[in-house]
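Input: a single structure, listed below in structure tokens.
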2 protein chains.
Amino acid sequence: MHPDRLSLTFAALADPTRRAILVRLSSGARTVTELAAPHDMSMPAISKHLRVLERCGLIERSREAQWRPCRIKAAPIKEAVDWMEQYRRHWEESLDRLEEYLQELQKEKPHGRRKK
Amino acid sequence: MHPDRLSLTFAALADPTRRAILVRLSSGARTVTELAAPHDMSMPAISKHLRVLERCGLIERSREAQWRPCRIKAAPIKEAVDWMEQYRRHWEESLDRLEEYLQELQKEKPHGRRKK
DNA sequence: GGGGCGTTTAACCATTTGGTTAAATACAGA
DNA sequence: TCTGTATTTAACCAAATGGTTAAACGCCCC
């Protein structure tokens, strides 16, 4: 189970069908049938994907007669990008941290059965 | 099954334990034992998480004596951020696309059992 | 009020995921 | 070679995921 929204968002983005739906929605709101059309998949399957996207706040659904148009919401994406950018700089810096680390290990080794 | 790396990357990021590991690695390479320490979880569980991170290229492991130090790799993160940024602008713009869309639906409705 | 369209729910299924414990592997050092 | 430490593999399990088909629900329109 993923309790936090960040986990839910990344999980939602991990499926190509759901990403395709988001891309489609980036050009405006769409009905479920319209979203389903490009995918070789049953309607209930699409409905489930939409529920996953809704659960983490990536889309919102409203009612208009017999249609349930979906539109995208940017907030969770922003949170995800923010999380990544927060560490990205460190990650890109740490290209050669391995070498440093190996040297550290070497220094510790020279015979020390040291705890922890 | 997720064939593409983007899906694998998002799936890897969807777990809090794995994100914590990445954060830890952002300050430099670490051994498996060191990475496991903060988590109330068995060693094999950590080993599996590391395999998930390795599968999508978020980390690399090497050998140094009996240790298998891990270091982070930025490339998959960059791909993920790039994917999100590519559409982020559209998403943030489409705040009120719902209204437009409802008007479109209205225009189509006025009795047309139209096939599509 | 009945027919038909759009959408969701229910029930089911196979696979994947995230964890466990116990055993195996790899290596260092005495 | 034996012992201890670091790590992975194997086997297992419960729960979540991603799909299916069949039935139900909601709403327009005649």
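Below, chain A is the first sequence line, B the second, and so on; all start at residue 1. In what follows, every heavy atom counts, from backbone to side chain, and hydrogens, waters and symmetry copies are set aside.
- Although no hydrogens or angles enter the test, the distance criterion places a donor-acceptor pair under 3.5 Å between the side chain of B:Arg18 and the main chain of B:Ala11.
- In the hydrophobic clustering of this structure, B:Leu25 groups with B:Ile77; members are Ile, Leu, Val, Met, Phe, Trp, Tyr whose side-chain heavy atoms approach within less than 4.5 Å, directly or through other members.
- Checking side-chain atoms of B:Ser47 against main-chain N and O of B:Met43 turns up no donor-acceptor pair under 3.5 Å.
- Across the protein-nucleic acid pair, B:Leu53 atom CG and D:dT8 atom P stand 12 Å apart, rounded to whole Å.
- With salt bridges taken as basic N to acidic carboxylate O contacts below 4.0 Å, one links B:Arg19 and A:Asp4.
- No side-chain heavy atom of B:Ile72 sits less than 4.5 Å from a side-chain heavy atom of B:Leu53.
- By the salt bridge (charged side-chain N to carboxylate O under 4.0 Å, His left out) test, B:Arg88 is found to be paired with B:Glu85, B:Glu92, residues two or more places apart in sequence or in another chain being considered.
- Which of C:dT8, D:dC27, C:dC27 sits closest to the side chain of B:Gln66 comes down to C:dC27.
- For the pair A:Glu64 CD and D:dC27 C1', the computed distance is 11 Å after rounding to whole Å.
- Atom P of nucleotide D:dT7 and atom CD1 of B:Ile21 are separated by 12 Å, given to the nearest angstrom.
- Not one side-chain nitrogen or oxygen of A:Arg68 sits closer than 4.0 Å to the OP1 or OP2 atom of D:dC27.
- Contacts between residues 40-50 of chain B and DNA chain D, defined by a heavy-atom separation under 4.0 Å, are made by B:Met43, B:Pro44, B:Ser47, B:Lys48.
- Contact check, B:Arg61 against D:dT7: no side-chain N or O comes under 4.0 Å of OP1 or OP2.
- The separation between A:Trp67 atom CH2 and D:dC27 atom C1' is 9 Å, rounded to whole Å.
- Formation of a donor-acceptor pair under 3.5 Å by the A:Arg24 side chain with backbone atoms of A:Ala36 is not found in this model.
- Here the C1' atom of nucleotide C:dG6 and the CZ atom of A:Arg63 are 12 Å apart, to the nearest Å.
- Rounded to a whole Å, the CZ atom of A:Arg51 is 13 Å from the C1' atom of D:dA16.
- A:Asp15 places its CG atom 9 Å from the C1' atom of D:dT17, with the value rounded to the nearest Å.
- One can place NE2 of B:His39 at 12 Å from P of C:dT20, the figure rounded to the nearest angstrom.
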